[in-house]
Amino acid sequence: MRKLTKGAALLSATIVAGALTGAMAHAQDKEFTIAVSIPAATHGWTGGVVYHAQEAEKQLEAAFPNIDVIISTASSATAQVSSLEDLSATNDLDALVILPFTSEELTGPVEQVASNGTFITVVDRGLSDPSIQDLYVAGDNIAVGANTADWLVDKLGGEGEIVVLRGIPTVIDDERIKGFRDVIDQSDIKILDIQYANWNQDEAFTLMQDYLGKYPKIDAVWANDDDMLLGVLEAVDQAGRTDIKYALGGNGMKQVIEMVKAGDERTPISTPYAPSMIASAMYMTAAQFAGQAPMRGSFKLDAPLITPENADQFYFPDSPF
Amino acid sequence: MSSAEIAAIPENEGFKIRWGDCAPFIALALIILLGALINSNFMSTNNILNVITRSAFIAIIGVGATFVIATGGLDLSIGSMMAFVVGIMIMAMNALAPSLGAWAIPVGALVALVVGSLCGLLNGLIITVGRIEPFIVTLGTMGIFRALITYMTDGGSLSIDRSLRSAYRPVYFGDFLGIPYPVIITLVIASLGAFILYRTKYGRRVTAVGSNSDVARFSGVHVGRVRTMAFVIQGFCVAVAAICYVPRLGAATPTTGQLWELQVITAVVIGGTLLRGGKAHIWGTVAGALILEVIANVMVLSDMVSEYLVAAVQGTIIIIAMLAHRFTGPR
């Protein structure tokens with residue numbers, strides 16, 4: 001364990017080539033334990049995270065028999081801190097892949113784990129002190145907003161009136177809205193209204209009904225999340241409104257990707273903030289140990305538009321999200 | 001709860017009570033007036049119908065909650081229970097759809113009513129037989145039901161079979177002589193509730209148990225049975241709300257019905273039912289549910305409030321309404 005860490009440090013510095021072969025030979029017959037700490041499946045997106053983590057666990061353990069993956073889910077930041085303590089107390093962890101509930105509360109406990117020489121991979125939400133992590137994998141929330149806005153500006157010919165639904169007041173929501181607004185503000189498109197609907201289908205339905213009552217003409221609506229988009233579409237259909245040319249979401253929920261694949265006119269695109277990023281992070285971490293592929297650094301997964309042409313790559317029919 | 005002098009205060013006020021009973025309706029009228037002044041679209045038929053239809057869920061569950069609260073109980077599990085019943089109902093309907101076709105809908109609804117009543121019975125029995133505070137018991141079952149729906153949906157969503165969707169949709173979106181079905185169902189449930197509460201022996205026992213359970217027990221009322229029954233009524237009402245809820249979005253998710261318990265309890269209390277029990281006001285609860293929904297609607301229709309402050313303004317309006325209630329009604 002200690003020897004390995006030392007080996008890994010040398011490896012990243014690439015000082016001695018001999019050390020590399022030595023460490024690799026060592027790696028072949030050694031068992032590695034990778035712990036994965038993620039939020040419990042309390043809503044669509046985290047449900048997807050749990051699903052993809054479990055799939056990646058099966059695939060990794062089948063591909064690398066000497067790697068053991070332990071997944072632990074937690075329903076709150078406090079529970080996640082406790083589960084970290086339990087994980088590191090009962091196992092000799094070679095690596096920890098963590099999607100922190102909150103940045104501030106988890107920074108200390110993760111630092112504690114890192115001090116034992118564990119390789120730390122942080123996913124999605126960064127820690128307050130980035131120097132703790134060896135590897136950082138995240139989606140790009142600003143791009144989620146900006147790419148959607150670019151597409152919308154183009155399709156609406158740079159003008160029109162739109163409404164926006166926000167999620168739960170968090171950094172994620174703020175970044176998306178900022179990315180979206182920065183692009184929209186440069187066009188002649190006017191944001192008529194923007195309100196919170198808490199990433200909740202029911203609240204999105206209600207809010208959209210109110211928007212429809214308030215504004216007789218709306219060119220497009222951006223729900224910022226596919227779960228909310230489903231509520232929005234129901235409200236629009238029920239009101240029988242045909243003025244809404246585009247209704248867009250984000251995140252790449254499978255029901256919405258099905259609509260994109262089918263060439264829906266009102267929802268022709270989505271933007272990924274894929275829960276499968278946990279799988280990307282787990283594979284990269286496994287590569288650090290089982291492959292000859294140093295993985296230290298920051299990886300930002302892009303948010304390219306999901307269109308009918310590439311929708312298959314983002315479609316996981318068995319995922320709950 | 002047990003101190004007799006608190007429970008004794010609202011007694012013997014004769015016809016003066018009438019004013020207090022009207023308070024929620026006056027508050028509702030004032031908020032509607034406010035809405036009409038703020039945005040002309042507020043009074044449009046569509047908007048009014050949307051808001052009334054939406055408030056049906058809270059109103060229907062609220063009728064049950066009025067019984068529970070009138071007996072001096074409290075049910076925090078209703079939001080999660082709704083989600084759980086919705087989940088069971090969707091699973092039952094999907095399983096039955098291939099063999100029964102559209103008949104899967106009424107059968108599924110029946111399953112929901114049974115499951116809902118059993119959930120209520122479970123709450124009631126643990127509270128009365130186990131002699132544990134309703135707050136703690138229902139806090140526990142709230143977690144249980146929420147976890148079960150999360151488990152049933154794998155954290156994602158559980159959708160109703162496509163073949164049933166179009167047949168079932170009208171239950172939320174359809175209307176009879178211009179009155180949406182959820183509104184009719186609310187009126188039926190509230191009328192039934194009012195009949196049971198004000199016109200039957202059981203109803204009188206509910207308020208008797210709530211105002212002073214010891215006195216009720218000495219006068220021969222089976223307090224445990226009355227309380228348990230109130231929770232069963234609550235469970236039944238939750239199931240009725242679930243039946244109206246499913247056709248709207250056609251899916252259950254782990255966030256379905258989240259925090260509805262607080263909205264329901266708020267509606268019941270705004271409506272004039274005492275949180276400590278002993279006094280129940282079914283139609284007040286319906287008015288309370290409308291007040292909450294109208295306030296939320298007015299907030300969106302007005303441009304005066306920043307999106308960050310909406311909840312603060314809503315809270316303020318509710319408190320002002322309660323203060324007005326205090327000063328217009330008898331003390």
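Note on naming: letters A, B, ... go to the chains in the order of the sequence lines (proteins, then strands), and numbering restarts at 1 for each one.
- In this structure, chain A has heavy atoms under 4.5 Å from both the backbone and the side chain of Asn297(B).
- Thr46(A) does not touch chain B: none of its heavy atoms, backbone or side chain, sits under 4.5 Å away.
- Within the 3.5 Å criterion, the main-chain N or O of Ile194(A) finds no donor-acceptor partner in the side chain of Arg166(A).
- Neither the backbone nor the side chain of Thr45(B) comes within contact range of chain A; no heavy atoms are under 4.5 Å apart.
- Tested against Val221(A) for a side-chain contact (heavy atoms from CB on, under 4.5 Å), the candidates Leu229(A), Val232(A), Leu248(A), Ile162(A) yield a single pass: Val232(A).
- Donor-acceptor pairing under 3.5 Å is recorded for the side chains of Asn251(A) and Asp225(A).
- The pair Asp243(A)-Lys217(A) fails the salt-bridge criterion, with no side-chain N (NZ, NE, NH1 or NH2) lying under 4.0 Å from an Asp/Glu carboxylate O.
- Only the side chain of Asp193(A) comes within contact range of chain B, with heavy atoms under 4.5 Å apart.
- Contact annotation for Thr255(B): both backbone and side-chain heavy atoms come within less than 4.5 Å of a heavy atom of chain A.
- Ion pairing between a basic and an acidic side chain is recognised when a charged N comes within 4.0 Å of a carboxylate O; Asp182(A) and Lys178(A) show such pairing.
- Formation of a donor-acceptor pair under 3.5 Å by the Gln195(A) side chain with backbone atoms of Leu207(A) is not found in this model.
- With a 4.5 angstrom heavy-atom cutoff, Tyr245(B) touches chain A only via side-chain atoms.
- With a 4.5 Å cut-off on non-hydrogen atoms, Thr153(B) touches chain A through its backbone but not through its side chain.
- Neither the backbone nor the side chain of Asn46(B) comes within contact range of chain A; no heavy atom of the residue lies under 4.5 Å from a heavy atom of that chain.
- Stacking of Arg176(A) on the aromatic ring of Tyr273(A) is recorded, both the 6.0 Å distance cut-off and the 45° axial limit being met.
- In this structure, chain A has a heavy atom under 4.5 Å from the side chain of Tyr172(B), while its backbone stays farther away.
- Heavy atoms of Glu203(A) lying under 4.5 Å from chain B are absent altogether.
- Residue with the most contacts toward chain B among Gln209(A), Gln201(A), Gln238(A): Gln209(A) (heavy-atom pairs, distance under 4.5 Å).
- Looking at Arg146(B), neither its backbone nor its side chain comes within 4.5 Å of chain A, counting heavy atoms on both sides.
- Salt-bridge check for Glu258(A) with Lys261(A): failed, with every basic side-chain N at 4.0 Å or more from each acidic carboxylate O.
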